[in-house]
Amino acid sequence: MSVTNTQTRYGAVTKAIHWLMALLILSLIPMGWIAHQLPFDTDAELARKAWLFSLHKTLGVLAFFVAAVRIIWAISQPKPGLLNADKKLESWAADTVHWMLYAAMVVVPLSGWISHAAAAGFAPIWWPFGQGLPMVPKSTAVEHFFGALHWVSGRLLILSLLLHIAGAVKHHLIDRDATLRRMLPGRPDLAPLPDQTHSRTPVMAAIALWLAALGLSAAMAGGKTEAAPEALAEVTSQWQVETGNIEIAVVQFGSEITGSFADWTSVITFDETVPSADITVGSVETMVSIPSLTLGSVTGQALGPDFFAATDHPTAVFKADIRHASDGYEAIGTLTIKDQTAPLTLPFGLSVDGNRAEMRGDLTLDRRSFGIGDNVNDPATLGFEVRVKITLTAVRSAE
């Protein structure tokens with residue numbers, strides 16, 4: 001068997017890549033469907049779901065590189081002529097499906113990979129090169145668009161694959177020609193090829209379908225934008241917060257996931273002139289809108305009933321007195337999440353310049369103190385510790 005292609009036959013390299021790609025595709029399609037259907041209510045179920053998604057993603061990356069090799073090899077080789085080139089409609093359909101398949105073999109795994117890179121957390125790719133991609137930001141919009149494109153292009157791949165298989169079966173059982181046998185080991189006898197015609201219309205048809213797929217993906221991604229949760233009411237405070245962030249980080253399956261709350265308010269009293277000998281120098285009451293949380297690809301799961309239960313408990317509250325500490329200040333009080341209250345001390349640094357103050361605080365919480373993820377008891381699946389970073393700039397209100 002020749003290694004390279006000829007004008008009439010496929011070589012060994014083309015055949016090997018073809019069947020390897022077929023094996024990957026036929027494995028990845030049911031694998032992705034099953035992974036989506038699996039429940040994740042317990043430790044074991046979540047771990048099983050994540051393991052199957054990681055396998056799906058890892059094999060998907062492999063499929064992308066195999067597809068790239070296949071295309072590069074195909075460009076470097078002569079393309080064996082069609083055995084039914086004299087049947088114009090059939091040959092046109094065969095060429096169109098081939099162009100659809102070539103595009104799908106790249107777009108499907110690449111769109112899934114980009115969606116994964118744009119998100120944070122859950123089911124890492126099993127390789128040592130990191131989870132991100134160059135020029136792909138961590139962005140919910142990017143994640144949703146390429147996730148939608150992955151779904152749409154996956155359906156186009158399935159359709160093209162079914163048409164491709166149906167064509168091969170027709171050639172083998174009805175036409176009884178060597179179209180299928182040319183892709184199997186050996187050298188089947190071939191009749192003289194009919195005159196080959198070359199047209200751009202199959203390429204144009206495939207491009208039109210893929211443009212439609214891009215439009216549908218954009219529409220689906222836009223449709224995923226959920227209505228913003230009702231904003232917290234504005235508050236009046238001695239120190240009015242101008243800018244600030246409340247960020248959290250948790251480790252899931254060995255990978256850190258970061259997120260933040262977009263909506264929160266603070267009522268702050270503070271007098272920097274109070275001497276350190278006095279215990280209390282101010283107070284703070286912070287309300288956090290739980291539905292405003294974004295936490296990468298696991299936002300929906302985090303807001304669900306087993307974790308933050310955002311629908312039933314939409315607000316978290318931190319109340320504390322502000323006191324001098326050996327190194328800066330600390331806010332000593334309580335944090336209430338899901339109607340469960342626990343004592344909390346927040347150490348923070350503070351810089352005051354006239355009527356402007358900048359604050360930064362870092363602390364670590366135990367999610368179990370607030371009944372968050374009680375059904376996930378293995379820290380290897382989801383870490384118990386949640387790191388919180390708070391930064392804000394506030395200005396003193398005019399008296």
Side-chain angles (χ1 to χ4, degrees), residues 5 10-38 48-77 79 96-119 122-136 142-168 180 183-184 206-207 209-210 213-214 217 253 255 297:
N5 293 357
Y10 293 103
V13 173
T14 298
K15 293 179 181 181
I17 297 175
H18 173 275
W19 291 111
L20 174 59
M21 197 70 202
L23 177 62
L24 286 170
I25 291 173
L26 293 174
S27 300
L28 284 165
I29 290 172
M31 190 184 301
W33 183 85
I34 293 170
H36 274 287
Q37 303 306 312
L38 286 177
R48 187 182 306 115
K49 188 181 186 78
W51 183 89
L52 195 57
F53 264 119
S54 285
L55 180 61
H56 178 78
K57 293 177 182 180
T58 305
L59 291 179
V61 171
L62 175 61
F64 169 76
F65 286 115
V66 172
V69 170
R70 177 172 183 171
I71 291 171
I72 293 170
W73 180 254
I75 292 172
S76 71
Q77 297 292 299
K79 180 183 177 182
T96 302
V97 170
H98 274 102
W99 283 110
M100 290 295 299
L101 273 174
Y102 272 116
M105 286 188 298
V106 174
V107 175
V108 174
L110 183 59
S111 58
W113 192 0
I114 293 175
S115 179
H116 169 83
F122 190 67
I125 297 170
W126 293 330
W127 72 343
F129 304 112
Q131 303 300 311
L133 280 173
M135 298 182 290
V136 176
V142 173
E143 175 198 356
H144 284 177
F145 173 76
F146 283 97
L149 180 58
H150 185 66
W151 189 92
V152 173
S153 60
R155 272 60 190 173
L156 282 179
L157 171 61
I158 293 171
L159 174 61
S160 302
L161 184 63
L162 291 174
L163 291 173
H164 181 67
I165 294 172
L180 176 59
M183 195 53 75
L184 298 174
I207 290 174
L209 284 170
W210 279 108
L214 287 173
S217 301
F253 299 109
S255 297
S297 61

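Owing to the predicted nature of the structure, the values given are computational and were not obtained by experimental measurement. Heavy atoms only: backbone and side chains are in, while hydrogens, waters and symmetry mates are out. Numbers here simply count residues along the sequence, with the first being 1.
What you find for L133 and A117 is that their closest heavy atoms are N-CB, 3.8 Å. Contact record, R70 with I17: CB-CG2, 3.4 Å, taken as the closest heavy-atom pair. For I125 against Q131, the heavy-atom pair with the smallest separation is N-OE1, 2.8 Å. The minimum heavy-atom distance linking A118 with E143 is given by the pair CB-N, 3.7 Å. The minimum heavy-atom distance linking I71 with Y102 is given by the pair CG1-CD2, 3.8 Å. Closest approach of P124 and S54 over heavy atoms only: O-OG, 2.7 Å.
Taking the side chain as every heavy atom from C-beta outward, H116 and F146 never approach each other to under 4.5 Å. The side-chain heavy atoms of W126 and L55, taken from C-beta on, include a pair separated by under 4.5 Å. By the 4.5 Å heavy-atom criterion applied to side chains, M31 and L52 are counted as neighbours. Looking at heavy atoms from C-beta onward, L214 lies in side-chain contact with F145 at the 4.5 angstrom threshold.
Ring geometry, F53 versus H36: the interplanar angle exceeds 60°, so the pair is classed perpendicular (tilted spans 30 to 60°).
Taken from CH2 in W99 to OG1 in T96, the straight-line distance is 10.5 Å, to the nearest 0.5 Å. Taking NE2 of H144 as the reference point, atom OG of S297 lies at 9.5 Å (rounded to 0.5 Å). In this structure, L184 CG and Y10 OH are separated by 12.0 Å, a value rounded to the nearest 0.5 Å.
W113 is linked by a ring-ring contact (aromatic ring centres under 6.0 Å, His included) to F64, F65, W127, counting only residues two or more places apart in sequence or in another chain.
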Would you give me the side-chain donor-acceptor pairs under 3.5 Å for residues 21-29, sequence neighbours excluded?
unit_1 : atom_1 : unit_2 : atom_2 : d
S27    : OG     : L23    : O      : 2.8

Would you mind writing out the side-chain donor-acceptor pairs for residues 150-159 within the sub-3.5 Å range, not counting sequence neighbours?
unit_1 : atom_1 : unit_2 : atom_2 : d
H150   : ND1    : V108   : O      : 2.7
H150   : ND1    : S111   : OG     : 3.4
H150   : ND1    : G112   : N      : 3.4
S153   : OG     : L149   : O      : 2.6
S153   : OG     : H150   : O      : 3.3

